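Worksheet: one structure, shown below.
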Amino acid sequence: MSEEQTGQSEGSSQAGGVTVSDIQELIRRKEEIEAQIKANYDVLESGLQVDDEIVEFGSVNTQNFQSLHNIGNVVQHSEGKPLNVTVIRRGEKHQLRLVPTRWAGKGLLG
């Protein structure tokens, strides 16, 4: 076998040298990603929905609410900390927990 052929054959084995352990690691990572997607989906499903009536957002409630600036201030002071939100959904009271977090856009998301 020539030196050129040996180099090509080594390159081929490296490119195609996927081991069972490599595949198991990929499967493990896939399962982790799918679990994260499911957890995020569950959060979205239980989060704010159309027709929810917000009755409490952190320390702001129906008694002391003056403007959306109140909400903005609570969010700014709660970055990275859980924030309790109470909504009335189809006549039932639901407790939600948001964590305001920095993202690539303007402001905070929770």
Side-chain angles (χ1 to χ4, degrees):
M1 191 181 271
S2 75
E3 195 173 308
E4 184 177 315
Q5 289 173 323
T6 304
Q8 287 176 348
S9 110
E10 285 175 12
S12 297
S13 68
Q14 288 175 351
V18 178
T19 66
V20 171
S21 136
D22 292 337
I23 293 170
Q24 289 172 333
E25 175 63 16
L26 289 172
I27 290 170
R28 186 189 65 73
R29 287 179 46 204
K30 174 187 165 277
E31 289 170 351
E32 283 179 3
I33 291 168
E34 287 174 341
Q36 288 174 343
I37 290 170
K38 184 184 179 329
N40 289 336
Y41 180 79
D42 291 344
V43 167
L44 290 174
E45 280 290 302
S46 69
L48 292 176
Q49 297 178 5
V50 173
D51 295 327
D52 278 356
E53 180 184 347
I54 299 171
V55 294
E56 186 175 24
F57 193 96
S59 60
V60 178
N61 58 46
T62 56
Q63 313 303 308
N64 64 11
F65 174 79
Q66 295 174 351
S67 73
L68 288 177
H69 291 287
N70 300 116
I71 302 293
N73 287 335
V74 169
V75 170
Q76 289 296 321
H77 290 95
S78 301
E79 183 178 353
K81 301 175 200 153
L83 186 63
N84 292 321
V85 178
T86 305
V87 300
I88 304 294
R89 179 180 299 152
R90 294 183 288 278
E92 293 181 19
K93 196 180 238 187
H94 291 271
Q95 294 285 336
L96 308 175
R97 181 167 276 188
L98 306 176
V99 180
T101 308
R102 292 243 172 248
W103 66 298
K106 187 176 179 183
L108 300 171
L109 288 179

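Worth knowing before you read on, the calculation uses all heavy atoms, side chains too, and leaves out hydrogens, waters and symmetry mates. The structure presented is a predicted model; accordingly, all values stated were derived computationally and were not measured.
Expressed to the nearest 0.5 Å, how far CG of Leu96 lies from CG of Asn84 amounts to 9.0 Å.
In this structure, Val18 is a member of the same hydrophobic cluster as Ile27, with clusters built from ILVMFWY side-chain heavy atoms closer than 4.5 Å. Taken together through direct or relayed side-chain contacts under 4.5 Å among Ile, Leu, Val, Met, Phe, Trp and Tyr, Leu68 and Ile54 form part of one hydrophobic cluster.
Every side-chain contact (heavy atoms from CB on, under 4.5 Å) that Asn64 has, sequence neighbours left out, goes to Val60, Asn61. For Ser59, the side-chain contact (heavy atoms from CB on, under 4.5 Å) partners two or more places apart in sequence, or in a different chain, are Val74. Every residue two or more places apart in sequence or in another chain that forms a salt bridge (charged side-chain N to carboxylate O under 4.0 Å, His left out) with Arg89 is listed here: Asp52.
Val55 belongs to a hydrophobic cluster with Ile88, counting contacts under 4.5 Å between side-chain heavy atoms of Ile, Leu, Val, Met, Phe, Trp and Tyr, direct or through other members. Grouped with Val50 in a hydrophobic cluster is no other residue, since no side-chain heavy-atom contact under 4.5 Å to another Ile, Leu, Val, Met, Phe, Trp or Tyr is found.
Judged as a side-chain hydrogen bond (donor to acceptor under 3.5 Å, both in side chains), the pairs with a partner in residues 18-39 (not counting sequence neighbours) are, in order, Thr19-Asp22, Glu25-Arg28, Arg28-Glu32, Lys30-Glu34, Lys38-Asp42.
The heavy-atom pair separating Pro100 from Ser78 by the smallest distance is CD-O, 3.5 Å. Pairing each heavy atom of Lys81 with each of His77, the nearest pair is NZ-O, 3.4 Å.
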Let me see the working for Glu56 and Lys93 under side chain to side chain contact (heavy atoms under 4.5 Å, CB included), right down to the final yes or no.
CA-CA 11 Å; Glu56 186 175 24; Lys93 196 180 238 187; over 6 Å; no

Check the pair Glu53 / Val87 against side chain to side chain contact (heavy atoms under 4.5 Å, CB included), numbers first and verdict last.
CA-CA 5 Å; Glu53 180 184 347; Val87 300; over 6 Å; no

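With hydrogens and angles ignored, the 3.5 Å screen pairs no side-chain donor or acceptor of Asn73 with any backbone N or O of Asn70.
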